[in-house]
Protein chains: 2
Amino acid sequence: MNTSRPEIYLDYQSSKPVDPRVLDEMIPFFTEKFGNPSALHKVGDIATDALEESRREIAKFINADDDEIVFTSGATESNNFALLGYMLKNKRKGNHVIISEVEHISILNIAKYLQMQGFNVTRVPVDRYGRVSIKKLERRITDQTILISIGYASNEIGTIQPVAEIGKLARERGIKFHTDAVAAEGAVDLDVKRDNIDLMSLSSNDIYGPRGLGVLYIKKGARPNPVIQGGGQEKGLRSGTENMPAIVGMQAAARIMKKEMKSEVKRFRGWRDRMIKQILEEIPDSYLNGHPQGRLASNAHFRFDGIEGESILISFKDEGISVSTGSACSSKTLEPSHTLIATGLLHEEAHGSLQFTVGRFNEDSDIDRALEVVPKVVNRLRKLSPIYKARK
Amino acid sequence: MNTSRPEIYLDYQSSKPVDPRVLDEMIPFFTEKFGNPSALHKVGDIATDALEESRREIAKFINADDDEIVFTSGATESNNFALLGYMLKNKRKGNHVIISEVEHISILNIAKYLQMQGFNVTRVPVDRYGRVSIKKLERRITDQTILISIGYASNEIGTIQPVAEIGKLARERGIKFHTDAVAAEGAVDLDVKRDNIDLMSLSSNDIYGPRGLGVLYIKKGARPNPVIQGGGQEKGLRSGTENMPAIVGMQAAARIMKKEMKSEVKRFRGWRDRMIKQILEEIPDSYLNGHPQGRLASNAHFRFDGIEGESILISFKDEGISVSTGSACSSKTLEPSHTLIATGLLHEEAHGSLQFTVGRFNEDSDIDRALEVVPKVVNRLRKLSPIYKARK
């Protein structure tokens, strides 16, 4: 066990530190500029101005109009708001929603809830890379279909969906298109107009902003019912006093990301490709999960025959490296990843997976160290594995 | 207009600055200890430990058990969660909920939504001080009543409700009791066991913690349906990655408040009583809104014959003093306060009201200055008022 080394963090998909530049912009809104935007005095006015400025900056980040941005408490709430809110609001128009088999757990669970409420939900399958086929999607559309909700990219295996094509199809068929863009934030250039997106969930933390804040982009004409009622903030769409430090933080995060994304993504891609190449070459019976090209620049996701995910995690913990075996959102359960199962893996294959996600504060040496540790850990575990030995 | 003086803030009920000691405890959780409690590595473990420690500290603040604390995005969500969640979960047991006429706007609007969903809602009236009578409450209980939701204290006029008596009545009749305790936080010693409270909404900001975080206390056996679904955090009751900096902040805020509340309340009471005495004495045709004794130590709420609330606000803005004419949660509407109307005031009387709420960072000189400005403003406005002149 290395207690002298600082922890190496390669689990950016599960949580990101707030960028210190973002935190600097937030601080005054905790202590000095702490007003409630609804208050009719100077302290309130300062908050109101910051609120609308932040809305503008975040709108720019996704090429939306200011009044299409609604602040929520995070991506999970945004997903609830979009799916539940839109289906409940428009149930007279139709009762069918299409999602995919590789959605974030919040989408899957909201879809289950919708089914209990009498809505029809179809889960379109994916190919072995985790990609939705447009043809299969199209075949599932009925005259009752009013919403398609497909995540922009997988938060687990990193596969990017053909979002522009889905948007085009949905628009042609008069169906609204929601995308949970959380995993794609900061990795792809989000443009709601170009991609014909009607509803889009964003998370502040996924662009190095603070937790506890998200956005639902709502195109004019795609208004959902609110899920949180009260004082009528956010034009009645999301009540509750605005979380100004976080809103200002997300604004700063979006501004910085817009400026730095291109060079950042280039750096990540270098690391990712190096990891993929070296691990697949050096370690026998190792495979890449997710799409070989159409994947997030930050994501390298492997599986190793004959190894249990839990024992990999323990070994990496001992080595001082933070990694994941799947979605952090449900990694405390023992269920295999639904995303990996959807790509056709068997339960035992899905259990032998390992996810690296790099981020803004990684350095070359972190990748060096990970690449040094992975073969060591895999070899050691395989020596102890009755399954692996039996198969060889 | 005084541009040289720093703004004097006497609107603590609408928003509070974060205590710098609270912010100090939060900072590391933005940048270093940024883990997701669901992640199975060292960075995640640090977050998990902080989460459970925070839960314990906040439980102590209200004399609850750790596992009765559920984190939400704020008081409005907690109120939605309690009312909607409990009624939907228990609709087979009964369809009647009792609230009061002086609830926070979030409770009123959730109650309206419940009515649209087919539930029966009764609004129990209040006396001229804004207090609910136990007898009137009792008379409204039917065999369908499964929930009573009465706010602990009014966020507008400061009147404290007979919470222990309501709790006792509810317990005797086998009805669950929810209280929105946001306005009372830091002003009264909250004790869910002593007062037989089953569900209680708390806000972090109201004890000088950060915005964007609240709690719903849920006594065993009073479980509501979740309003936000997803990854199953908070035992499935509130999904979404935990907002750790805010949770740690609320913990610090609760710890500090528990220690300092007694001396703080004493200080506030001195200011409040001085304001009430001096204003009622010095200004003719001025009245106190809310209960003369049974009110929050931080709240002084007046009305002045012949004056419009909006013009008071503009005058105070010019004087560099931040005050409110009513609930900040809806002060951008032109509606008179529903709370003042419920105490029997006419619309024009309710419009002539002015609310001072003091807080941790006020000083004696703030009160001096307010007491200097109030008579000046009232006299000036009355000279311009055709209504006031006509009546004299």
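All chains are named by letter (A, B, ...) in the order of the sequence lines, taking the proteins before the strands, and each is independently numbered beginning at 1. Values below: every heavy atom of this structure, side chains too, minus hydrogens, waters and symmetry copies. The shown structure was predicted, so the numbers you read here are calculated from the model rather than taken from an experiment.
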>> Nearest 0.5 Å, please: how far is CG in A:N80 from CG in A:L216?
In response: 11.0 Å
> By a 4.5 Å heavy-atom criterion (distance strictly below it), what part of A:Y9 contacts chain B: side chain, backbone, both, or neither?
Replying inline: side chain
>> Counting only non-hydrogen atoms closer than 4.5 Å, does A:I228 touch chain B with its backbone (N, CA, C, O), its side chain (CB onward), both, or neither?
In response: both
> So which of B:N79, B:V227, B:V323 has the largest heavy-atom pair count under 4.5 angstrom toward chain A?
Replying inline: B:V323
> Under the criterion side-chain hydrogen bond (donor to acceptor under 3.5 Å, both in side chains), which of B:T339, B:T357, B:T325 is the partner of B:E156?
Replying inline: B:T339
> Among A:K112, A:M26, A:R211, which has the most heavy-atom pairs under 4.5 Å with chain B?
Replying inline: A:R211
> When rounded to the nearest 0.5 angstrom, what distance separates CG in A:N109 from CG in A:L114?
Replying inline: 11.0 Å
> What part of A:V22 gets closer than 4.5 Å to chain B, counting heavy atoms only: side chain, backbone, both or neither?
Replying inline: neither
>> Does the structure place the NZ or CZ of B:R238 under 6.0 Å from the centre of the six-membered ring of B:F81, at an angle of no more than 45° from the ring's axis?
In response: no
> Looking at side-chain heavy atoms only, is the closest gap between B:R360 and B:I256 below 4.5 Å?
Replying inline: yes
> Is it true that a side-chain atom of A:T31 and a backbone atom of B:V18 form a donor plus acceptor pair closer than 3.5 Å?
Replying inline: no
> In terms of heavy-atom pairs under 4.5 Å with chain A, which of B:P245, B:G230, B:G212 leads?
Replying inline: B:G230
>> Using heavy-atom distances under 4.5 Å, tell me whether A:E32 contacts chain B through its side chain, its backbone, both, or neither.
In response: neither
> Quick one: CG on A:L10 to CZ on A:F316, what's the gap to the nearest 0.5 Å?
Replying inline: 8.5 Å
>> Under 4.5 Å from any heavy atom of chain B, what part of A:N243 do you find: side chain, backbone, both or neither?
In response: both
> Where does A:K16 contact chain B at under 4.5 Å (heavy atoms): side chain, backbone, both or neither?
Replying inline: backbone
